[in-house]
Asks: 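The structure under discussion is supplied below as structure tokens; questions concerning it will follow.
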Amino acid sequence: MAQYFSGQVTADDDYPRKPDPTSLLALCQQYAVKRQSALMIGDRNLDVQAGHRAGMAGALFDPEHLIVDESHPEIRVIRLAELLAWLQA
């Protein structure tokens, strides 16, 4: 899946913590990504919330199917293959 990613943000980048969307907005600007066509993929509700606050869709990755969904992701997957199929559709 690495071929689908151009960059990342880590704690070392010193952005506000999620669900603040600042880091996502910075990535969109850096890589000229339209927020409306972007997808925030995460394994926590706050990841999806950050994506939504940035104007993106959200994907909740929950391989153990343990997360109580409070973020209303556009897709929820338990295997990466499901996410890849959704992205290719």
Side-chain angles (χ1 to χ4, degrees):
M1 292 215 20
Q3 66 184 347
Y4 297 105
F5 297 89
S6 299
Q8 70 278 337
V9 172
T10 69
D12 293 335
D13 294 311
D14 202 31
Y15 286 109
R17 295 175 59 101
K18 291 180 273 181
D20 185 290
T22 304
S23 61
L24 299 176
L25 295 171
L27 283 171
C28 285
Q29 184 175 359
Q30 180 179 359
Y31 292 100
V33 171
K34 294 180 183 175
R35 293 177 290 153
Q36 300 83 357
S37 62
L39 176 67
M40 173 60 177
I41 303 167
D43 61 355
R44 299 172 295 170
N45 281 303
L46 66 90
D47 297 318
V48 174
Q49 292 166 349
H52 286 166
R53 290 179 181 182
M56 303 174 177
L60 185 61
F61 180 63
D62 184 13
E64 286 84 30
H65 205 57
L66 298 174
I67 301 170
V68 175
D69 175 13
E70 300 171 344
S71 57
H72 309 290
E74 281 66 25
I75 182 171
R76 180 182 182 141
V77 298
I78 58 172
R79 293 185 325 240
L80 287 176
E82 294 172 286
L83 182 57
L84 185 57
W86 188 81
L87 288 169
Q88 293 174 334

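Given the structure is predicted, the values throughout are model-derived calculations rather than measurements.
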Asks: Where is the tightest heavy-atom contact between R79 and F61, given as atom of each residue plus distance?
Replies: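 For R79 and F61, the tightest heavy-atom pair comes out as C-CE1, 4.0 Å.
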Asks: Side-chain contact test, heavy atoms from C-beta onward, threshold under 4.5 Å: evaluate it for H65 versus R76 and give yes or no.
Replies: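 Touching, per the 4.5 Å side-chain cut-off.
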Asks: Return the minimal non-hydrogen interatomic distance between A50 and P21, and the atom names on each side.
Replies: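 Shortest heavy-atom separation between A50 and P21 comes out as O-CB, 3.7 Å.
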Asks: Return the minimal non-hydrogen interatomic distance between D62 and I78, and the atom names on each side.
Replies: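 Looks like O-CG2, 3.1 Å.
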Asks: Is the number of heavy atoms from other residues, nucleotides or ligands within 6.0 Å of CD (Q29) greater than 12?
Replies: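 No, the 6.0 Å shell around CD holds no more than 12 heavy atoms from other groups.
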Asks: Same cluster or not: I67 versus V48, using hydrophobic residues (I, L, V, M, F, W, Y) connected whenever any side-chain heavy atoms lie under 4.5 Å apart?
Replies: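 Same cluster: I67 reaches V48 through Ile, Leu, Val, Met, Phe, Trp or Tyr contacts under 4.5 Å.
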Asks: Are V33 and V9 connected in the hydrophobic side-chain network, where two residues link if heavy atoms are under 4.5 Å apart?
Replies: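 Yes, V33 connects to V9 through the hydrophobic network.
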Asks: To the nearest 0.5 Å, what is the distance between OG on S23 and CG on D13?
Replies: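 Output value for this atom pair is 8.5 Å.
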Asks: Assess the residue pair L25 and R35 against the criterion (side-chain contact (heavy atoms from CB on, under 4.5 Å)); give the C-alpha distance rounded to whole Å, side-chain angles, the decisive distance to 0.1 Å, and a yes or no.
Replies: CA-CA 8 Å; L25 295 171; R35 293 177 290 153; 3.2 Å; yes
Asks: Checking the side chain of D20 only, and the main-chain atoms of T22 only, is there a donor and an acceptor separated by less than 3.5 Å?
Replies: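 Indeed, once roles are kept as given, a pair shorter than 3.5 Å links the two residues.
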Asks: Let's go through W86 and L39 carefully: what are the C-alpha distance in whole Å and the side-chain angles of both, what is the deciding distance for side-chain contact (heavy atoms from CB on, under 4.5 Å) to 0.1 Å, and is it a yes or a no?
Replies: CA-CA 11 Å; W86 188 81; L39 176 67; 3.6 Å; yes
Asks: Might you confirm whether atom CD of Q8 has over 12 heavy atoms from other residues, nucleotides or ligands at distances under 6.0 Å?
Replies: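 Not buried by this count: 12 neighbours or fewer within 6.0 Å.
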Asks: Check H52 against G58 and note the closest heavy-atom contact, atom names and distance.
Replies: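 Heavy atoms of H52 and G58 come nearest at NE2-N, 3.8 Å.
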Asks: Would you confirm whether D47, through its side chain, and M40, through its main-chain N or O, come within 3.5 Å as a donor-acceptor pair?
Replies: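 No.
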Asks: Measure across E70 and Q49 and return the closest heavy-atom pair with its distance rounded to 0.1 Å.
Replies: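 Heavy atoms only, the tightest pair is O-NE2, 4.2 Å.
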Asks: If you look at every heavy atom in R53 and P19, which pair is closest and at what distance?
Replies: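 Shortest heavy-atom separation between R53 and P19 comes out as NH1-CG, 3.3 Å.
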Asks: Are L46 and L24 connected, step by step, through hydrophobic side chains (Ile, Leu, Val, Met, Phe, Trp, Tyr) whose heavy atoms are closer than 4.5 Å?
Replies: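 No.
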Asks: What is the distance from atom CD1 of I41 to atom CG of L83, rounded to the nearest 0.5 Å?
Replies: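 Result: 4.5 Å between the selected atoms.
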Asks: Is there a path of hydrophobic side-chain contacts, each under 4.5 Å between heavy atoms of I/L/V/M/F/W/Y residues, joining I75 to L87?
Replies: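 L87 and I75: one cluster.
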Asks: Spell out, yes or no, whether L80 and V77 are grouped together once hydrophobic residues are joined by side-chain heavy atoms under 4.5 Å, including indirect joins.
Replies: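 Same cluster: L80 reaches V77 through Ile, Leu, Val, Met, Phe, Trp or Tyr contacts under 4.5 Å.
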